[in-house]
A.B. asks: 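Quick one: the structure is below, and I'll ask about it shortly.
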Amino acid sequence: MDDSSFSQDKPSLLERLTALLTPEPEDRDELFAFLRAAHERDLLDADAFSIIERALQMSDMRACDIMVTRARMDVLHIDDSVNSIVTFATKSGHSRFPVIGGDKDDVMGILLAKDLLRFFVGQEFCLREMLRPVMFISEFKPLNVLLREFRLSHNHMAIVVDEYGGVAGLVTIEDVLEQIVGDIEDEYDIDNGNGSDGGIIAKRGGHFRVKATVPISDFNEAFATAFSDEDVETVGGLLICHFGRLPRRGETTVIEGWRFRVLRADSRRIYTLLVERAPDVPDIGSGMLGV
């Protein structure tokens with residue numbers, strides 16, 4: 001063996017001393033501590049640190065953690081008229097719709113809202129011919145794997161099925177990306193004035209995205225609840241008090257009939273929550289939040 005090549009591959013004394021003094025992280029906790037130290041020393045800015053931390057946490061999450069449940073899915077029926085489809089698509093603001101046959105377990109395909117434009121330029125409307133293939137996934141599929149499959153297949157929506165083959169819900173590529181980069185505001189959010197509503201944004205299927213910094217008094221007014229603000233002032237503080245600790249991303253709890261899911265959080269604070277009525281809570285009326 002060439003001595004010169006051997007000397008090039010062999011670590012120098014300085015490199016060996018550096019490795020001894022700063023060993024590589026052996027587990028995820030040590031890696032988080034290493035990244036946090038780099039952030040505190042201004043080697044990583046806050047955004048980069050947050051994205052890396054969320055990307056690592058995402059590998060522990062499954063499709064069932066972020067999916068829109070079956071009961072909350074907005075779907076079209078294969079026999080719906082074009083007028084009803086256009087009306088429904090306009091009101092919902094979604095860009096993709098599962099199309100079912102007999103029931104929600106019979107997903108026949110995905111309709112892209114942009115394909116409806118063909119009807120308005122004189123082409124004959126046939127819903128069956130406009131359907132795109134369906135991507136079915138297990139409810140236990142890891143989000144990092146799902147994101148890779150979205151990229152490779154060029155699909156933006158997947159139907160989540162349970163162990164018996166029934167439809168459990170749906171998940172979109174936006175849902176997955178939001179676990180890494182945080183909330184994604186689209187044109188529909190802005191056009192409907194949802195970007196400046198004090199931190200409470202109506203989402204599809206009766207869900208609401210709520211900033212953890214929203215005062216409890218504002219939350220009570222919006223949702224007709226009666227949470228106490230004597231000990232804590234914000235919705236994030238309410239969850240921390242309920243858990244008895246800082247909850248992690250993806251953790252879910254029910255408080256007085258309302259389900260709270262942590263959408264975005266790091267090792268220091270909660271940022272965003274997904275809020276919905278628990279199944280046994282009656283509808284308090286369509287006047288809430290003006291939706």
Side-chain angles (χ1 to χ4, degrees), residues 58 61-76 88-89 91-98 104 139 143 146 156-160 167-214 216 218-225 227 234-236 238-239 242 247 249-265 270-291:
M58 189 184 74
M61 300 179 65
R62 303 292 183 262
C64 58
D65 294 325
I66 67 168
M67 70 182 182
V68 175
T69 60
R70 173 192 173 108
R72 303 290 188 181
M73 287 170 50
D74 289 332
V75 300
L76 299 172
F88 186 80
K91 288 184 177 180
S92 69
H94 305 327
S95 58
R96 291 171 173 79
F97 300 89
K104 286 187 178 179
E139 59 183 332
L143 293 191
L146 176 58
H156 285 209
M157 174 182 286
I159 301 298
V160 183
V167 172
L170 65 82
V171 63
T172 67
I173 191 171
E174 177 181 323
D175 297 328
V176 180
L177 290 175
E178 283 186 340
Q179 305 308 308
I180 302 176
V181 301
D183 301 330
I184 299 174
E185 301 284 352
D186 58 24
E187 295 87 347
Y188 180 72
D189 293 330
I190 297 172
D191 291 343
N192 283 275
N194 294 332
S196 58
D197 55 4
I200 302 176
I201 299 176
K203 302 292 284 184
R204 63 173 177 263
H207 294 76
F208 297 88
R209 192 171 62 211
V210 179
K211 291 183 179 180
T213 54
V214 168
I216 291 178
D218 291 353
F219 186 92
N220 286 337
E221 182 179 355
F223 291 92
T225 51
F227 294 119
T234 66
V235 180
L238 176 69
L239 255 67
H242 181 78
R249 178 197 310 274
E251 288 194 280
T252 302
T253 188
V254 175
I255 309 176
E256 297 184 13
W258 290 85
R259 179 178 288 112
F260 295 82
R261 176 183 297 167
V262 180
L263 286 182
R264 181 186 173 199
I270 307 172
Y271 293 95
T272 317
L273 305 166
L274 188 69
V275 179
E276 63 177 327
R277 301 181 190 90
D280 58 342
V281 177
D283 194 335
I284 65 175
S286 60
M288 182 180 64
L289 298 178
V291 297

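Basis for what follows: all heavy atoms, side chains included, without hydrogens, waters or symmetry-related copies.
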A.B. asks: Compare all side-chain heavy atoms of Phe227 with those of Ile255 and state whether any distance is below 4.5 angstrom.
C.D. replies: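 With C-beta onward as the side chain, the pair touches.
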A.B. asks: Would a 4.5 Å heavy-atom cut-off, applied to side chains only, mark Glu256 and Thr225 as touching?
C.D. replies: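 The answer is no, as the side chains (C-beta and beyond) never meet within the 4.5 Å cut-off.
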A.B. asks: For the residue pair Asp74 and His94, establish whether any side-chain heavy-atom pair is separated by less than 4.5 Å.
C.D. replies: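 Sidechains of His94 and Asp74: in contact.
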A.B. asks: Of the non-hydrogen atoms in Met61 and Asp65, which two are nearest, and what is the gap between them?
C.D. replies: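 Between these two residues, the closest heavy atoms are CA-OD2, 3.4 Å.
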A.B. asks: Kindly compute the distance separating CG (Leu239) from CG (Leu273), expressed to the nearest 0.5 Å.
C.D. replies: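 These two atoms lie 5.5 Å from each other.
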A.B. asks: Minimum heavy-atom separation for Leu170 to Pro98, with atom names?
C.D. replies: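 Heavy-atom minimum between the residues: CD2-CG, 3.8 Å.
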A.B. asks: Kindly determine whether Thr172 and His156 satisfy side chain to side chain contact (heavy atoms under 4.5 Å, CB included), including the steps that lead there.
C.D. replies: CA-CA 5 Å; Thr172 67; His156 285 209; 5.9 Å; no
A.B. asks: Minimum heavy-atom separation for Lys104 to Val167, with atom names?
C.D. replies: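 In terms of heavy atoms, the two residues are closest at O-CG2, 2.9 Å.
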A.B. asks: Using 0.5 Å steps for rounding, measure from the CE atom of Met157 to the CG atom of Asp175.
C.D. replies: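 Met157 atom CE to Asp175 atom CG measures 8.5 Å (nearest 0.5 Å).
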A.B. asks: Less than 4.5 Å apart, side chain to side chain, heavy atoms only: is that true for Val171 and Val68?
C.D. replies: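 Answer no - side chains too far apart.
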A.B. asks: Parallel, tilted or perpendicular: which one describes the rings of Phe219 and Trp258, with boundaries at 30° and 60°?
C.D. replies: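 Geometry flag for Trp258 against Phe219: perpendicular rings.
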A.B. asks: Between Ala278 and Val254, what is the shortest heavy-atom contact and its length?
C.D. replies: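 Taking every non-hydrogen atom into account, CB-CG1, 4.2 Å.
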A.B. asks: I'd like to check the salt bridge (charged side-chain N to carboxylate O under 4.0 Å, His left out) partners of Arg70; sequence neighbours left out, ordered by chain and number.
C.D. replies: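 With sequence neighbours excluded, Arg70 shows a salt bridge (charged side-chain N to carboxylate O under 4.0 Å, His left out) to Asp105, given in chain and number order.
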A.B. asks: If only atom types and distance count, is the side chain of Arg209 paired as donor or acceptor with the main-chain N or O of Leu263 below 3.5 Å?
C.D. replies: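 Absent.
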A.B. asks: In chain order, what residues pass the salt bridge (charged side-chain N to carboxylate O under 4.0 Å, His left out) check against Glu139, with sequence neighbours excluded?
C.D. replies: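 Salt bridge (charged side-chain N to carboxylate O under 4.0 Å, His left out) check on Glu139 returns nothing, list empty.
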A.B. asks: Could you please spell out the steps behind the side chain to side chain contact (heavy atoms under 4.5 Å, CB included) verdict for Val176 and Met58?
C.D. replies: CA-CA 9 Å; Val176 180; Met58 189 184 74; 3.9 Å; yes
A.B. asks: Mind checking what makes side chain to side chain contact (heavy atoms under 4.5 Å, CB included) contact with Glu251, not counting sequence neighbours?
C.D. replies: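 Per chain and number, Glu251 pairs via side chain to side chain contact (heavy atoms under 4.5 Å, CB included) with Phe243, Arg245, Pro247, Arg248.
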A.B. asks: Does some side-chain heavy atom of Leu143 sit less than 4.5 Å from a side-chain heavy atom of Gln179?
C.D. replies: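 Yes, at least one pair of side-chain atoms sits under 4.5 Å.
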A.B. asks: If I take atom CG from residue Leu274 and atom OG1 from residue Thr252, how far apart are they, to the nearest 0.5 angstrom?
C.D. replies: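 The OG1 atom of Thr252 is 8.5 Å from CG of Leu274, to the nearest 0.5 Å.
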A.B. asks: Within this structure, what is the CD-CZ distance for the pair Glu276 and Arg72, rounded to the nearest 0.5 Å?
C.D. replies: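 The CZ atom of Arg72 is 5.0 Å from CD of Glu276, to the nearest 0.5 Å.
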